[in-house]
Amino acid sequence: MTTSITQLDTAGRRFYPDMLFAFTDTVTQEMDTDPRLAVVLADISTPEFADAAARHPGRVVNVGIREQLMIGTACGMALTGLRPVVHTIASFLTQRPYEQIKLLGHQGAAAVLVGYGASYDITEQGRTHFAPEDVALFETLPGWTIHVPGHPDEARQVLLDALRGDDCVYIRLSARVNHQAHPTGGFRTIRQGRAGTVLAVGPTLDTVLRATAHRDVTVLYASTVRPFDEIALRTAVLAADHPDVVLVEPYLAGTSAHHVDRTLVHVPHRLLALGVSRDTELHAYGSPEDHDIAHGLDEAGIARAVAAFLR
Amino acid sequence: MKTSEGLAYEALSGLIARLSGDERHESSSSSTLDVLWVLYDQVLNVSPATVDSPDRDRFLLSKGHGPMAYYAVLAAKGFIEPGLLDGWARFGSPLGHEPDRTLVPGVEMSAGSLGHGLPIAVGSVLGLRAQDRTRPRVVVLLGDGELDEGSNHEAIALAGRLGLDQITAVVIDNSTATHGWPGGIDQRFAVEGWQTRNVDGHDHAALHTALTTEHPGRPLAVVARITPTS
């Protein structure tokens with residue numbers, strides 16, 4: 001039994017120490033009651049799904065180290081009426097089989113793709129295991145919902161929504177988490193201010209709050225980036241003294257910049273888009289915190305950039 | 001053997017002429033014509049009335065190029081109106097040079113990029129099995145050139161290892177693979193545990209025998225050899 005380490009908090013709810021466990025345990029539970037669900041793996045996280053495989057042997061498939069086949073298999077399953085959940089390390093999930101992902105939607109099929117590793121969680125492995133491009137790739141395809149949870153409880157909630165839906169969904173799991181969960185759905189107002197609006201995505205929130213602690217800015221939080229909550233952003237921007245927007249995304253810088261521009265098409269505005277740098281191929285290992293510093297996504301880096309930008 | 005309603009084999013050339021604008025249809029179309037006819041006339045358990053039935057057989061035209069024979073057979077069997085054949089590939093027509101499953105009833109797969117049909121077939125059979133539907137067949141048609149795509153070999157290995165006997169792969173071998181398949185296409189499947197048959201791709205009786213070969217516990221690969229005609 002690999003999931004016997006399930007813990008309960010003081011209120012008797014399930015407590016998840018990390019997003020990966022929240023994901024595997026939630027899917028395992030839901031499979032008991034939802035016969036539509038199936039899991040497609042490619043030799044990653046197979047121990048975590050051992051219980052589900054034992055209970056539902058036909059609905060947990062490990063295709064081996066074959067990512068093109070993994071997406072094709074999910075497509076075929078979906079065409080027979082199942083709701084496949086496809087999971088491996090984000091870089092292998094999203095980039096090696098990108099054409100299969102594109103054509104999944106083209107077939108009129110849908111699946112829930114759950115990547116682990118984010119932009120650089122697995123720093124010791126280096127660039128091959130990094131996927132800062134993932135959200136940018138999915139958002140070139142129409143109709144995908146994209147979740148970037150910042151806490152295990154948020155990961156569980158967006159996953160439950162995805163399992164019960166019928167659309168194409170990408171969930172970006174990360175080892176980086178905020179200290180507390182927020183309600184999922186549209187953008188949430190965490191703090192209100194006058195000098196500008198900061199939109200923090202997923203696990204960047206705690207760092208953004210520290211970096212802007214002494215600034216009179218509104219901080220919005222997004223655990224879902226597609227659809228992009230234009231109403232919440234526009235409302236926040238129009239309520240501030242200056243239509244200045246800072247976008248902090250834990251993946252490629254500027255991935256959502258065009259959505260900000262579309263949101264504010266009738267509002268002359270300024271935009272500072274922070275995220276993983278597009279400018280250099282970084283050949284480095286170390287820790288995720290080292291990479292935050294390299295990309296200016298640490299507290300000091302964000303604070304410096306915001307100070308230089310705001311009026 | 002299953003008997004079907006609809007037009008006769010002899011009507012196909014006239015239907016293809018509506019697509020090609022020529023009584024002499026292209027070789028890419030004729031290479032698949034007999035296989036498609038035998039499948040839809042005698043093998044596949046699917047009709048215009050059952051295109052949405054969960055228990056229907058599925059046919060995936062993975063090699064989407066040259067779909068004239070496919071459209072002609074679908075028209076002959078009543079899946080599409082013959083009138084749609086006129087003006088195909090124009091903007092607004094549901095019929096293009098690569099089929100789109102969302103536009104044509106009975107078309108199970110949108111094709112064009114090679115190497116996608118066999119992986120989708122693996123998933124289709126796993127999905128059917130998960131729902132205790134062990135009877136429907138999933139037949140995939142691909143070309144010997146298409147086999148170049150590595151995604152096929154991912155699927156060939158897994159289908160063989162899992163014993164997905166609801167899958168039949170039909171490989172149209174008209175010697176178009178740039179680097180060829182030394183030792184034979186069938187061996188690529190056999191070594192992974194598939195039942196294999198080599199057959200003349202124009203011989204209806206031989207195709208029918210091969211496509212209905214018993215193959216319990218193993219997927220079936222039928223290599224349909226097409227001799228180029230000048």
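Quick note on labels: first sequence line is chain A, next is B, and so on, each numbered from 1.
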How long is the straight-line distance from [atom2] of [Y] back to [atom1] of [X], given to the nearest 0.5 Å?
| X | Y | atom1 | atom2 | answer |
| --- | --- | --- | --- | --- |
| A:Q107 | B:D100 | CD | CG | 8.0 Å |
| B:S110 | A:L104 | OG | CG | 11.0 Å |
| B:E154 | A:I65 | CD | CD1 | 10.5 Å |
| B:L118 | A:T73 | CG | OG1 | 10.0 Å |
| B:H153 | A:Q68 | NE2 | CD | 11.0 Å |

### Which atoms of A:V63 approach chain B - backbone, side chain, both or neither, heavy atom under 4.5 Å
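Both backbone and side chain of A:V63 come within 4.5 Å of chain B.
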#### Entry: Residue A:L103 versus chain B: region with a heavy atom under 4.5 Å
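Side chain of A:L103 only, per the 4.5 Å heavy-atom cut-off to chain B.
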### Query
Which of the residues B:E108, B:R129, B:Q131, B:R161 is involved in the greatest number of heavy-atom pairs with chain A at under 4.5 angstrom?
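Answer, by heavy-atom pair count under 4.5 Å with chain A: B:Q131.
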### Task
Between chain A and each of B:A130, B:G115, B:P136, count heavy-atom pairs under 4.5 Å; write down the option with the most.
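The answer is B:A130.
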Flag the pair [X] / [Y] as yes when at least one side-chain heavy-atom distance between them is below 4.5 Å, and no otherwise.
| X | Y | result |
| --- | --- | --- |
| A:E99 | B:S113 | yes |
| B:T102 | A:H106 | no |
| B:R58 | A:L79 | no |
| A:Q100 | B:S151 | yes |

### Task
Return the minimal non-hydrogen interatomic distance between A:L82 and B:G127, and the atom names on each side.
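It is CD1-CA, 3.6 Å.
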### Task
Kindly determine whether A:T80 and B:R133 satisfy side chain to side chain contact (heavy atoms under 4.5 Å, CB included), including the steps that lead there.
CA-CA 10 Å; A:T80 68; B:R133 300 186 193 281; over 6 Å; no
### Part of B:N152 within contact of chain A (heavy atom distance under 4.5 Å)
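For B:N152, neither part sits under 4.5 Å from chain A.
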### Query
Do other residues, nucleotides or ligands put more than 12 heavy atoms under 6.0 Å from A:R36 CZ?
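Counting other residues, nucleotides and ligands, CZ of A:R36 exceeds 12 neighbours.
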